[in-house]
Participant: 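To start, I am sharing the structure in question, which I have written as structure tokens.
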Amino acid sequence: MSDKPVLRIGLIGTGFMGKAHVFGFASAQKVFDLPYQLELHTVADVTEAAAARAAADFGFAHATADWRSMVADPEIDVIDITAPNALHKEMALAAISAGKHVYCEKPLAPLASDARQMADAAAAKGVKTQVGFNYLCNPMLRLAREMIAAGELGEIRGYRGLHAEDYMADADGPWTFRHDPAGGGALADIGSHALATAEFLLGPITEVMGDCVTMIGRRPDGQGGTRAVTVDDVGRAFLRFANGAQGSIEGNWIATGRKMQHDFEVYGTRGALTFSQERFNELHFYSTADAPGRHGFRRIEASPDHPPYGRFCVAPGHQIGFNDLKAIEIEGYLRAISGEIPEPFGFAAGLRIQRLVETIQRSSAARQWMSVTA
């Protein structure tokens, strides 16, 4: 029996991301020496039957269709929110008011003003928060940031970031909550990942020039008619960074054939890096210091030399996966709750990404460069 303190988890939402979070909790307990013993206490879904099925499938002790009662339960320490985006604010604020730590999937909230309320409330209450940007937990991204910071690429001149998928490419696909004008669109949904990666690698973005376009203007409404789409199918922006670098990002959910193209390219005076999420156990490095006739990008393969890869596999080249990144994210969050480290990507960081998204959207509408507020 563990002598570690118990941390009891309450999960709201049992879809794809809810399942990914459960896998992350389970894996984190197996591969890391966590500061807590985790207990899957209660899961909430829209009906009692759905919640009961999820509890049986995921291993929760309790189930409910009333998320408010779960938030109020004094036994629960952490509220994990994987419900639709528009519900994040109400749920998070209720959890914070109850003194719970809050783990929330991205985007933090549909609007920056909402995210600001959430971040301020968490800071005032003193609870620990985490927003689900688990791609940043990839050991290869951490290696890239270390190489850039160490000057291995020299002065950074250019950056290109892209997050492209095709889950909205079918024009006959139905209108969903992701098409809601309040915070919907490709830039907010997946371009936010490209923005988070850009700042993770190069630091603050100071100015943006946006271009957000809607390619599929109407979608089936599920009732025999159609509904207008006003959010972007593709959101792009030119970027200027505080360190003097310039570049671009794109969020695109109608990129036919692309399933998970979360890519970046970094160009410096002494070298370059390229990365693709579709092969996310690899980082490619070009060095101008190579001898003539030996120039070219070389592959750096993820291995135990790139912590915490070795926690999952003792051999290079065997690869870690998406749910492993969730486990890494959860391990960092739990250490923040215990006071060992600062929040890896808390509500303040989630607010920052939403502010970037909205500045790009305003820039697109105004057709001009805009400064990003701190």
Participant: State, to 0.1 Å, how close R298 and D290 come at their nearest heavy-atom pair, and which atoms those are.
Facilitator: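 Smallest interatomic distance, heavy atoms only, reads NH1-OD2, 3.1 Å.
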
Participant: Does the gap between the ring centers of F275 and F280 come in under 6.0 Å?
Facilitator: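 When the ring centroids of F275 and F280 are compared, they turn out to be at least 6.0 Å apart.
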
Participant: Identify the two heavy atoms, one from S192 and one from V357, that lie closest to each other, and give their separation to 0.1 Å.
Facilitator: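 Taking every non-hydrogen atom into account, CB-CG2, 4.4 Å.
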
Participant: Within a 6.0 Å radius of atom CZ on F238, are there more than 12 heavy atoms belonging to other residues, nucleotides or ligands?
Facilitator: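 No, the 6.0 Å shell around CZ holds no more than 12 heavy atoms from other groups.
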
Participant: I need the minimum non-hydrogen distance between P308 and P139, along with the two atoms involved.
Facilitator: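 Between these two residues, the closest heavy atoms are CD-CG, 4.1 Å.
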
Participant: Does a side-chain N-to-carboxylate-O contact under 4.0 Å join R116 and E358?
Facilitator: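 Not counted as a salt bridge, because no side-chain N and carboxylate O are separated by less than 4.0 Å.
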
Participant: Is it true that K106 and D189 have a side-chain N and a carboxylate O under 4.0 angstrom from each other?
Facilitator: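 D189 and K106: salt-bridged.
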
Participant: Decide if atom CZ of R160 counts as having more than 12 heavy atoms of other residues, nucleotides or ligands within a radius under 6.0 Å.
Facilitator: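 Not buried by this count: 12 neighbours or fewer within 6.0 Å.
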
Participant: Hey, are K4 and D33 close enough for a salt bridge, meaning a charged N less than 4.0 Å from a carboxylate O?
Facilitator: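 Yes, charged N to carboxylate O under 4.0 Å.
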
Participant: Looking only at side chains, do Q130 and H101 share a donor and an acceptor under 3.5 Å apart?
Facilitator: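 Q130 vs H101: no donor-acceptor pair found between side chains.
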
Participant: So, R355 and T373: side-chain donor and acceptor under 3.5 Å apart, yes or no?
Facilitator: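 Judged by distance alone, the side chains do pair up.
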
Participant: Using side-chain hydrogen bond (donor to acceptor under 3.5 Å, both in side chains), reason through T214 and D233 one step at a time and then give a plain yes or no.
Facilitator: CA-CA 5 Å; T214 304; D233 291 310; 5.2 Å; no

Participant: Would you call E343-K128 a salt bridge at under 4.0 Å N-O?
Facilitator: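 Salt bridge: no.
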
Participant: Does E48 CD have over 12 foreign heavy atoms under 6.0 Å away?
Facilitator: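 Yes, CD of E48 has more than 12 neighbouring heavy atoms, counting only those of other groups under 6.0 Å.
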
Participant: Is any side-chain N of the basic residue among E165 and R258 closer than 4.0 Å to the acidic one's carboxylate O?
Facilitator: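 Salt bridge between E165 and R258, a charged N being under 4.0 Å from a carboxylate O: no.
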
Participant: Check whether the side chains of H306 and R142 place a donor and an acceptor atom closer than 3.5 Å, and report yes or no.
Facilitator: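 Side-chain D/A pair, H306 to R142: absent.
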
Participant: Is it true that atom CZ of R279 has more than 12 heavy atoms of other residues, nucleotides or ligands lying nearer than 6.0 Å?
Facilitator: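 Count not over threshold, so no.
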
Participant: One thing to verify: whether R311 and E331 come together as a salt bridge, which I'm taking to mean a side-chain N less than 4.0 angstrom from a carboxylate O.
Facilitator: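 Result for this pair is no, no salt bridge flagged.
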
Participant: Kindly indicate, with the supporting measurements, whether the criterion ring pair (Phe, Tyr, Trp, His ring centres under 6.0 Å) is fulfilled by Y103 and Y333.
Facilitator: CA-CA 8 Å; Y103 182 18; Y333 181 40; 5.6 Å; yes

Participant: Quick test of your reading of the model: are D211 and R367 salt-bridged, counting only N-O distances below 4.0 Å?
Facilitator: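 Between R367 and D211 there is a salt bridge, with a charged N closer than 4.0 Å to a carboxylate O.
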
Participant: Taking all heavy atoms of A44 and all of T14, pick out the closest pair and write down the distance.
Facilitator: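 Shortest heavy-atom separation between A44 and T14 comes out as O-CG2, 4.2 Å.
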
Participant: Check this for me, if you would: do K259 and D166 make a salt bridge, where the nitrogen-to-carboxylate-oxygen distance has to be below 4.0 angstrom?
Facilitator: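 Here K259 pairs with D166 in a salt bridge, since their nearest N and O are under 4.0 Å apart.
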
Participant: Does the gap between the ring centers of H193 and F133 come in under 6.0 Å?
Facilitator: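 They qualify: ring centres under 6.0 Å apart.
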
Participant: Salt-bridge test for K89 and D114: reply yes if a basic N is under 4.0 Å from a carboxylate O, no otherwise.
Facilitator: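 Yes.
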
